[in-house]
Amino acid sequence: MPDIEDITGAELAVTAPDKSSRTVRITTSPFLIGRGLDIGNHLALDDPRISRQCAAIVSEASGFILEDRGHRRGLFVNGKRIDRATLANGDVISFGLDQSYEIVFRSSSVNQPIQNMLTMMGTTTSTHSTSAGLNKLTLLLEATSLLHSDLPLESVLGTMLDHAISVTHADRGLLMEADPSGSLRVRLARGSHGVSLNAGDVTPSQTALRHAMQQKKCIITEDLNVADHVLQAAQSIVSQSLRAVIAIPLYVVSRSISADSPAVSEAGQFLGMIYLDSRRPTAFSRLDRQILDALALQAASILDSARLVEQERQRQKLEQELNIARDIQQALIPHGFRDFPYFAVTGIHTPCNAVGGDYFDVFPLSEDRSVIVVADVSGKGIGAALLTTMLQGAFSSMTPGTDPVQVLNQLNRFLCDHAQVGRYATMFFGVLNRQGHLLFINAGHPSPLLLRSGKVSSLVSEGSFPVGLVPEASFDAKTVQLLPGDTLVSFSDGVTEAMDPDEQLFGDDRLCDTLVGKENVSLNVLQAEILSSVHTFTRGANQNDDITVLLVRYQPESSSPSS
């Protein structure tokens with residue numbers, strides 16, 4: 001497709017990782033975005049994590065289309081991953097990376113009201129009215145230019161409000177911002193001639209605000225003496241001797257497009273309100289009202305852009321915090337076990353989210369006894385990860401004389417006494433000694449499997465309660481004698497409950513089939529075969545649970561783990 005010069009004047013506000021910013025006009029279609037200029041990118045981004053052929057913006061009849069051209073981490077608009085999406089004014093484009101570029105799309109379509117007013121003024125015959133209109137239009141053009149400036153947000157919004165006061169000859173004005181519940185708070189308060197006011201000293205007419213919100217349109221009362229009786233009787237209006245009130249609701253402007261109808265503007269999310277009042281009656285011409293509409297559109301555009309940028313920053317902050325939590329959790333989970341004199345061990349934990357609720361560990365309790373534990377905390381995310389860390393701390397503080405049953409009973413009471421935590425954990429907890437004697441407690445966890453002489457059997461035959469679910473629960477220990485070469489296979493239910501695209505479960509039988517006849521296979525290979533079998537079965541389907549596998553092979557004569 002050949003380049004189309006100055007197709008509409010749309011532009012991108014680009015913020016770099018170092019927080020420097022610049023504005024880049026979209027003058028060609030397709031407009032290419034990626035790392036480096038040498039392959040023809042119109043917007044080159046200096047981040048080695050961004051693909052060289054990353055994205056493109058294409059001008060079509062329906063508007064500007066953003067396309068993912070192969071960015072490895074995915075392309076996001078307002079925090080949602082897209083392959084192809086129509087861009088709206090104020091949309092935030094990001095690349096799924098921490099501390100990377102952030103781009104805000106700005107469409108010049110917001111300037112259409114100015115063109116309409118220029119056309120109208122061209123038909124005006126009165127020199128006086130034309131001169132007054134031009135003065136007011138100059139204010140609007142100044143306000144419009146601020147939309148594309150790099151000035152601080154509060155400065156831009158303040159000037160917008162000052163211009164609205166000037167156009168209407170109001171005594172004072174408020175820019176009010178809506179919180180997530182729709183309630184309004186004053187963001188800026190100004191008097192005439194750009195004087196800043198204390199927001200607490202300005203009492204807007206709640207009646208006018210309520211009417212504007214209910215009707216989703218401007219309330220412009222030029223003389224309250226002849227206004228609706230409800231407005232005339234409003235307490236704030238009477239007490240302040242107000243004669244003119246303007247309340248302009250601000251909405252995200254979206255465009256709906258269908259195959260058999262033109263683009264139609266619709267009011268989207270409620271952003272806030274411009275409120276103006278005066279103790280003098282006034283009169284507004286058609287031009288004045290159009291200028292007010294245009295100023296409101298500009299203010300809504302700026303507020304919407306600021307809202308989207310803040311949402312994207314919050315998303316990136318949360319993602320960064322999750323990455324920190326993931327790194328901490330992964331550091332606490334064993335990676336490469338120490339050598340144990342009488343058994344070999346290997347294990348792996350793969351969270352389905354950034355942080356997981358599974359936990360496993362193997363550590364010596366004394367020279368001749370070692371703890372083996374696999375746990376699965378209910379729920380996902382940071383809450384589950386915090387509880388796994390608490391469990392790890394509780395177990396790591398055990399001394400050689402500690403009774404495992406007493407430890408689990410105390411944990412159960414603690415979690416039940418703190419029911420507001422809202423978490424419980426299934427768990428397999430075992431103590432293996434040098435003679436192969438395994439004392440274990442299974443608290444609602446999937447039964448470990450015992451691979452002996454090529455055959456597979458379940459270690460646990462009866463159910464029990466998870467830790468932290470039932471206050472009256474009491475845990476009992478069982479014992480089993482391991483023979484040389486026996487392999488204990490512990491896992492979380494993320495293994496047996498892994499689902500394929502048809503929502504069929506991997507199940508216990510498939511896991512047993514994977515293990516049968518593998519008594520002489522090294523633990524690392526056996527672990528890889530289990531994971532491969534699960535991955536082959538799921539065929540790429542997204543999983544909703546963590547996958548954890550822990551393998552322990554009793555080898556009384558061995559001095560190092562199998563590899």
Side-chain angles (χ1 to χ4, degrees), residues 88-90 110 113 157 160-161 163-165 167-190 197 199-256 263-286 288-308 311:
N89 186 61
V110 294
L157 292 173
M160 282 276 186
L161 190 55
H163 287 358
I165 293 172
V167 167
T168 59
H169 302 292
D171 293 330
R172 59 189 186 173
L174 300 177
L175 177 63
M176 310 179 77
E177 196 169 25
D179 64 18
S181 68
S183 299
L184 293 169
R185 69 172 184 87
V186 176
R187 179 159 186 164
L188 288 174
R190 311 284 272 220
L197 301 178
D201 296 337
V202 182
T203 305
S205 167
Q206 296 299 321
T207 304
L209 296 177
R210 185 169 59 254
H211 281 193
M213 293 173 65
Q214 290 174 347
Q215 299 175 24
K216 294 186 177 181
K217 66 179 183 180
C218 301
I219 299 297
I220 300 179
T221 304
E222 299 175 353
D223 188 349
L224 286 164
N225 284 340
V226 294
D228 183 278
H229 71 279
V230 176
L231 274 174
Q232 290 184 37
Q235 182 177 355
S236 60
I237 289 175
V238 173
S239 64
Q240 298 177 85
S241 303
L242 299 179
R243 294 292 300 277
V245 168
I246 300 171
I248 307 173
L250 306 177
Y251 292 93
V252 175
V253 177
S254 59
R255 297 179 69 81
S256 61
V264 178
S265 295
E266 298 179 343
Q269 180 180 347
F270 177 60
L271 298 175
M273 190 84 66
I274 291 178
Y275 172 85
L276 307 164
D277 64 24
S278 173
R279 293 183 177 180
R280 303 177 307 278
T282 186
F284 299 117
S285 67
R286 178 184 171 191
D288 292 335
R289 291 172 180 265
Q290 286 187 315
I291 290 176
L292 280 177
D293 288 340
L295 283 171
L297 187 60
Q298 301 284 3
S301 176
I302 295 172
L303 281 178
D304 188 34
S305 296
R307 175 182 63 89
L308 294 174
Q311 287 178 352

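One N or O on the side chain of Y275 and one on the backbone of S205 form a donor-acceptor pair closer than 3.5 Å.
The two atoms that bring V186 and A199 nearest to each other are CG1-CB, 3.6 Å, heavy atoms only. Closest heavy-atom contact between A208 and V245: CB-CG1, 3.6 Å. Of all non-hydrogen atoms in S278 and H169, the two that sit nearest each other are OG-O, 4.3 Å. Y251 approaches K216 most closely through the heavy-atom pair OH-CG, 3.1 Å. Nearest heavy atom pair, residue G173 against residue L276, reads CA-CD2, 3.6 Å. Residue A212 comes nearest to P249 through the heavy atom pair O-CG, 3.9 Å, listed as atom of the first residue, atom of the second, then distance.
For the atom pair I246 CD1 and T221 OG1, the distance stands at 8.5 Å (nearest 0.5 Å). Taken to the nearest 0.5 Å, the OG atom of S183 stands 10.0 Å off from the CE atom of M176. If you take CD on E177 and CG on L157, they are separated by 8.0 Å, rounding to the nearest 0.5 Å. The CD1 atom of I165 sits 9.5 Å away from atom CG of D277, with the distance rounded to the nearest 0.5 Å. Going from atom CD1 of I219 over to atom CD1 of I248 covers 10.5 Å, rounded to the nearest 0.5 Å.
The one candidate from L174, L209, L175 that meets the side-chain contact (heavy atoms from CB on, under 4.5 Å) condition with M273 is L209.
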Determine, stepwise, if the pair L184 / M213 fulfils side chain to side chain contact (heavy atoms under 4.5 Å, CB included). CA-CA 11 Å; L184 293 169; M213 293 173 65; 3.9 Å; yes
Report the C-alpha separation of R279 and D171 in whole Å, then their side-chain angles, then the decisive distance to 0.1 Å, and conclude whether the salt bridge (charged side-chain N to carboxylate O under 4.0 Å, His left out) test is met. CA-CA 7 Å; R279 293 183 177 180; D171 293 330; 5.4 Å; no
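By the 4.5 Å heavy-atom criterion applied to side chains, R190 and L197 are not counted as neighbours.
The side-chain hydrogen bond (donor to acceptor under 3.5 Å, both in side chains) check on D179 picks up S181, with sequence neighbours excluded.
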